[in-house]
Every structure is written in structure tokens, then in C-alpha cells.
S.K.: 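For reference, the structure I am asking about is given below.
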Protein chains: 2
Amino acid sequence: MTPAGQRVLDVASRLFYSDGINAVGVALVAETAGVTKKTLYDCFGSKRKLVVDYLRHRHEIWWSHLEQRLSGAVPPRTLTLVEAYLTHPDLHVNRGCAFLNAAAELPADHPGLDVIREHKKAVRTRLAELVAEDAPAVDSESVAEHIFLLIEGAIAHIGIDDHDNRAQQARQLAAALLNSGHGDR
Amino acid sequence: MTPAGQRVLDVASRLFYSDGINAVGVALVAETAGVTKKTLYDCFGSKRKLVVDYLRHRHEIWWSHLEQRLSGAVPPRTLTLVEAYLTHPDLHVNRGCAFLNAAAELPADHPGLDVIREHKKAVRTRLAELVAEDAPAVDSESVAEHIFLLIEGAIAHIGIDDHDNRAQQARQLAAALLNSGHGDR
DNA sequence: TTCTTAGTATACCGACCGGTGTGGTTACCA
DNA sequence: TGGTAACCACACCGGTCGGTATACTAAGAA
């Protein structure tokens with residue numbers, strides 16, 4: 001990827017997340033990135049593909065951040081994932097989940113929806129692995145799905161509700177689930 | 001409200017929910033409702049206000065449906081709310097939560113955001129009342145917040161994930177929480 | 001030295017955006 | 001009978017949408 005293309009992707013990531021995909025035009029993205037529309041279209045071809053690349057880029061950034069935190073974490077690493085999911089250095093914050101937001105405004109045939117589904121599936125899978133590590137005796141699959149609903153509910157309300165302790169609340173509930181010895185089934 | 005205005009609001013509710021607010025223009029709403037743009041603007045004044053009325057309308061429809069189901073329900077009525085939240089006759093379905101979706105694409109200064117916050121606050125309050133009814137011995141406030149996260153997580157994934165048993169999963173988890181005798185704190 | 005790559009600047013395209021204005025047609029109501 | 005409210009049809013506004021075309025420049029590689 002060329003330097004101009006990288007700048008476009010960075011700017012698009014920021015603007016699409018903060019203002020919404022449909023509300024941000026390609027002209028604004030190009031201008032903010034200090035690039036002509038011609039260059040933007042030479043690099044990405046269409047806005048749809050730029051959106052797909054935005055979602056992929058966002059996933060890769062967060063995923064590498066997650067694995068980095070996990071590699072130096074002590075058990076229960078499930079809570080490390082919960083923390084990484086709900087707080088991130090200048091990513092994933094103040095406007096909730098970029099993937100849920102995108103899913104809310106993309107048309108049904110948009111290829112970005114596949115990226116969103118893959119992202120959520122990857123999170124669920126990784127979460128299930130970590131729960132199996134931390135609580136092997138219990139029905140870890142059920143607990144993982146329980147925690148997944150908790151963190152999705154929490155992240156969906158970042159930027160909507162006033163009280164921002166929902167992240168910590170989800171973390172505490174997840175911790176209690178890991179220690180409860182059963183899955184609340 | 002005049003018949004034409006009612007038709008506009010009904011059509012707008014359907015289109016805004018299914019295709020997204022920013023993706024649906026006023027011309028399409030007017031045309032689908034069999035109404036001229038002039039009439040639409042005589043009734044609502046601006047698209048912003050139409051959006052606000054859409055959200056209010058949606059809240060009122062769902063709320064009256066909820067109270068109707070609650071009035072004829074046997075304990076635990078908490079589960080009645082969970083069911084009403086995640087399944088509704090031709091409302092609230094197949095595209096997740098209209099309020100979360102709207103929050104994802106509205107600009108920060110849009111008056112509709114206040115309607116969204118009030119809706120979610122009302123749900124939380126009503127849920128807390130019902131949990132206090134069903135499980136008075138436990139820390140009902142904490143359990144209510146726990147269940148709230150569960151149903152928000154479940155509704156946020158309607159229309160995204162393939163497996164649609166998430167609603168039933170959230171219901172079962174909520175039932176287990178009510179019976180667990182503690183709040184998993 | 002020539003050819004390619006990665007850019008720049010700018011103008012343009014048809015279509016659609018939210019919103020307004022004019023004028024005419026019903027129907028009901030005082 | 002006159003007025004008013006609730007519509008219709010239609011034309012128009014400035015602005016923005018995603019996307020394209022033309023022409024030019026600087027740098028690096030063959």
C-alpha cells in the first residue's frame with residue numbers, strides 16, 4: 001500500500017467511526033488525507049471497497065492489540081479480553097463498536113457485512129478458548145456465550161448512556177461467572 | 001395527526017428501520033406513502049423532526065405492547081419483558097434494535113439521541129421493577145443491570161449473526177439469574 | 001534516456017439530497 | 001356562500017453524492 005493510500009485508510013477509519021459511514025463522503029476523506037479523489041479511487045476503486053478495507057483494518061489493529069495484551073497476561077485471561085474489548089488506546093472508544101455501528105447502516109448486500117460477521121465470530125471463538133483455559137471444569141462454552149452477550153451489551157451502550165462504568169460492570173460480572181463454578185444454566 | 005401524516009409516519013418507520021435513516025430520503029418516504037413532499041413538510045417541518053417522531057412512535061408502540069403483555073402475564077414477569085424485547089409482531093425484528101441502530105448513525109447533536117436515551121432508561125427502570133417483583137430477596141438492582149446487558153447484547157446481534165437462538169439463550173440466562181438466589185456479583 | 005509509478009490539480013458527470021414555492025382541488029364548516 | 005384546512009401536482013433551489021476524465025509533475029528503474 002502506497003503512503004497516500006495508507007493516509008486515506010487512516011483518515012477513513014477515523015471519520016467513518018466517529019461520524020458514520022453514510023454521513024462521510026469520499027471528497028471529505030480525500031481532502032482530509034491531503035489527497036485527490038483521483039488518488040483515492042486509484043487506490044481503492046470504490047467507496048464500498050474502502051469501507052471493506054476500513055473494517056478489515058480496524059479488525060486487524062484491534063486483534064493484534066488483543067494478542068499482544070494476552071501474551072503478557074496472567075490468568076484469568078478471559079478478563080484480559082473483556083478489558084481489551086471495552087477499552088483501547090484511541091480505538092473502539094466513545095462511539096461504541098465500529099462493527100455494530102457499521103452493521104446498523106450498511107445495506108443488506110454490502111460486502112462489509114461479511115467482515116463484520118467474521119470479526120464477531122473470531123471474538124466468540126477466542127473468548128471460548130480463554131474461558132476453557134480459565135474455567136475448564138464448568139460448561140465453558142455456555143459461559144463464553146454468556147460473557148459474549150455481556151460485552152456486546154456493554155459495548156453497544158458506550159456513547160449512548162451517560163454512566164461509563166458499564167465496562168467495569170461487565171468485567172465484574174464476567175469475573176463472577178468464571179468463579180461461580182457453574183454457567184448459570 | 002392527519003391521515004396523510006399518519007401514513008408518512010408509518011412508512012418512515014418501516015423504511016428508516018429496514019434501510020437506515022441516512023440511506024432513506026424524504027422523497028422516497030413521501031412517494032411510498034402516496035403523499036407529496038409538500039404535505040410531508042407541512043406535517044413534520046424537517047427530516048430531523050420526522051426522525052424524532054419515528055423514534056417516539058416506535059417507542060410508544062413497543063411500550064404499549066409490553067404493558068399489554070405484562071398485564072396478562074404470570075410471574076416471573078421479568079421473562080415476559082425479555083420475550084417482548086426480543087420478539088415482537090413485525091416490530092423490533094430482523095434488523096435488531098431500532099434505537100441502537102439510530103444511535104449508530106445519527107450525528108452527536110441530533111435531538112433523536114435524547115429519545116433513544118429515554119427509551120433505554122425506561123426499559124432499565126421497568127426491568128428493575130419487574131426483577132424486584134420476581135426476586136425480592138436478592139440484589140435486584142444488580143440482577144436487573146445484568147439482564148439488561150444480556151438483552152442488549154442479544155438484540156444487537158439480531159440480523160448480524162445467523163443463529164437466531166440468541167433470544168432464547170438470553171431468556172434462559174435471565175431465568176437462571178432470577179432463580180440463582182444471588183446476583184453473580 | 002525513456003518508461004513507469006504515484007502522485008498532483010481541476011473540471012465535470014448524472015443523480016440525489018433536504019427543503020421551498022406556486023397554484024389548483026376537494027370537502028367540510030360557519 | 002365564503003372561508004379554511006388538507007391535500008395534490010409540479011417545478012425549482014443550492015448543495016452534495018459517488019465516480020470519471022484530462023493534463024501535468026516528480027522520482028526511480030531499465
Side-chain angles (χ1 to χ4, degrees), chain A residues 1-57 101-102 104-113 115, chain B residues 1-57 101-102 104-113 115:
Chain A
M1 170 152 306
T2 68
Q6 191 65 54
R7 258 182 295 148
V8 167
L9 189 54
D10 290 342
V11 165
S13 293
R14 180 161 46 88
L15 293 182
F16 285 162
Y17 177 68
S18 64
D19 298 336
I21 292 170
N22 290 332
V24 172
V26 289
L28 177 62
V29 172
E31 187 187 1
T32 307
V35 152
T36 61
K37 280 173 65 178
K38 174 77 159 53
T39 298
L40 187 149
Y41 275 91
D42 285 345
C43 290
F44 296 95
S46 69
K47 186 181 179 180
R48 283 171 85 95
K49 190 174 169 300
L50 177 59
V51 169
V52 170
D53 286 2
Y54 150 62
L55 292 170
R56 274 206 253 265
H57 180 238
N101 292 351
E105 61 174 336
L106 291 184
D109 65 338
H110 197 288
L113 292 178
V115 182
Chain B
M1 171 153 302
T2 68
Q6 191 64 54
R7 257 182 296 148
V8 168
L9 189 54
D10 289 343
V11 165
S13 292
R14 179 161 47 90
L15 293 181
F16 284 161
Y17 177 69
S18 63
D19 297 336
I21 293 170
N22 290 332
V24 172
V26 288
L28 177 62
V29 172
E31 187 188 0
T32 307
V35 152
T36 60
K37 280 173 63 179
K38 178 72 161 52
T39 299
L40 187 151
Y41 274 91
D42 285 345
C43 289
F44 297 96
S46 70
K47 185 180 181 180
R48 284 171 84 96
K49 190 174 170 299
L50 177 60
V51 169
V52 170
D53 286 3
Y54 151 61
L55 293 170
R56 274 205 254 267
H57 181 239
N101 292 351
E105 62 174 335
L106 291 184
D109 65 337
H110 198 287
L113 293 177
V115 182

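Only heavy atoms go into these numbers, but all of them, side chains included; no hydrogens, no water, no symmetry mates. Throughout, protein chains are lettered first and strands after them, A, B, ... in sequence-line order, and every chain is numbered starting at 1.
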S.K.: Mind calculating the distance between CG (L50(A)) and P (dC17(D)) to the nearest angstrom?
M.R.: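 Whole-Å distance recorded here is 14 Å.
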
S.K.: Please pick, from dT20(D), dG18(C), dC7(D), the nucleotide with the shortest atom-to-atom distance to any side-chain atom of Y41(A).
M.R.: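 Shortest atom-to-atom distance from the side chain points to dT20(D).
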
S.K.: With respect to F16(B), which candidate in V51(B), N101(B), V11(B), L55(B) satisfies the side-chain contact (heavy atoms from CB on, under 4.5 Å) definition?
M.R.: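 One option only clears the test, and that one is V51(B).
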
S.K.: Can you measure Q6(A) atom CD to dG7(C) atom C1' for me and round it to whole angstrom units?
M.R.: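 For the pair Q6(A) CD and dG7(C) C1', the rounded distance is 16 Å.
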
S.K.: Within this structure, what is the CZ-to-C1' distance between F16(B) and dG18(C), rounded to whole angstrom?
M.R.: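 Taking atom C1' of dG18(C) as the reference, CZ of F16(B) is at 11 Å.
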
S.K.: To the nearest Å, give me how far apart CD (E31(A)) and C1' (dC17(D)) are.
M.R.: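 To the nearest whole Å, that distance equals 15 Å.
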
S.K.: From the set dC17(C), dA9(D), dC7(D), return the single nucleotide nearest to any side-chain atom of A27(B).
M.R.: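 Minimum distance to the A27(B) side chain belongs to dC17(C).
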
S.K.: Rounded to the Å, how far apart are F44(B) CZ and dT20(C) P?
M.R.: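 Between P of dT20(C) and CZ of F44(B): 15 Å.
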
S.K.: Between dA9(D), dC17(D), dA9(C), which one does the side chain of K38(A) approach most closely?
M.R.: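 Of the options given, the side chain of K38(A) lies nearest dA9(C).
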
S.K.: Distance check needed: dG19(D) C1' versus L28(A) CG, whole Å only.
M.R.: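 Taking atom C1' of dG19(D) as the reference, CG of L28(A) is at 16 Å.
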
S.K.: Of all the choices, dT8(C), dG19(C), dG18(D), which nucleotide is nearest to the side chain of V35(A) once you look at every atom?
M.R.: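 When the side chain of V35(A) is considered, dT8(C) is the closest of dT8(C), dG19(C), dG18(D).
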
S.K.: State whether T2(A) places a side-chain N or O below 4.0 Å from either non-bridging phosphate oxygen (OP1 or OP2) of dG7(C).
M.R.: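 Result: yes.
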
S.K.: Where each residue is assigned the nucleotide of DNA chain D containing its nearest heavy atom, which of G5(B) and K37(B) is assigned the position nearer the 5′ end?
M.R.: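 It is G5(B) whose nearest nucleotide is closer to the 5' end.
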
S.K.: Which nucleotide wins on minimum distance to the side chain of A4(B), given the candidates dC7(D), dG19(D), dA9(C)?
M.R.: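 Comparing dC7(D), dG19(D), dA9(C) against the side chain of A4(B), the answer is dC7(D).
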
S.K.: In whole angstrom, what separates N22(A)'s CG from dT16(D)'s P?
M.R.: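 From N22(A) CG to dT16(D) P: 17 Å.
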
S.K.: Go through I21(A) and Y54(A) one step at a time and tell me if the side-chain contact (heavy atoms from CB on, under 4.5 Å) criterion holds.
M.R.: CA-CA 10 Å; I21(A) 292 170; Y54(A) 150 62; 4.1 Å; yes

S.K.: May I ask you to evaluate whether T39(B) reaches the phosphate of dC7(D), defined as a side-chain N or O under 4.0 Å from OP1 or OP2?
M.R.: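 For T39(B), the contact criterion (side-chain N or O under 4.0 Å from OP1 or OP2 of dC7(D)) is not met.
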
S.K.: Indicate yes or no: does R14(A) engage D10(A) in a salt bridge with an N to O separation below 4.0 Å.
M.R.: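 No salt bridge links R14(A) with D10(A).
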
S.K.: For V29(A), answer base if it contacts any base atom (sugar-phosphate contacts may also be present), sugar-phosphate if it contacts only those atoms, and nothing otherwise; contact means non-hydrogen atoms under 4.0 Å.
M.R.: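 No contact.
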
S.K.: Roughly how many Å is it from CG in L40(A) to C1' in dT20(D), rounded to a whole number?
M.R.: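 Rounding to the nearest Å, CG of L40(A) and C1' of dT20(D) are 13 Å apart.
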
S.K.: List the steps and the verdict of side-chain contact (heavy atoms from CB on, under 4.5 Å) for V26(A) and Y41(A).
M.R.: CA-CA 9 Å; V26(A) 289; Y41(A) 275 91; 3.8 Å; yes

S.K.: Is the distance from OP1 or OP2 of dG18(C) to the nearest side-chain N or O of S46(B) less than 4.0 Å?
M.R.: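 Negative; the distance criterion is not met.
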
S.K.: What is the minimum heavy-atom distance between R48(A) and H110(A), and which atoms define it?
M.R.: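 Looks like NH2-CA, 3.6 Å.
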
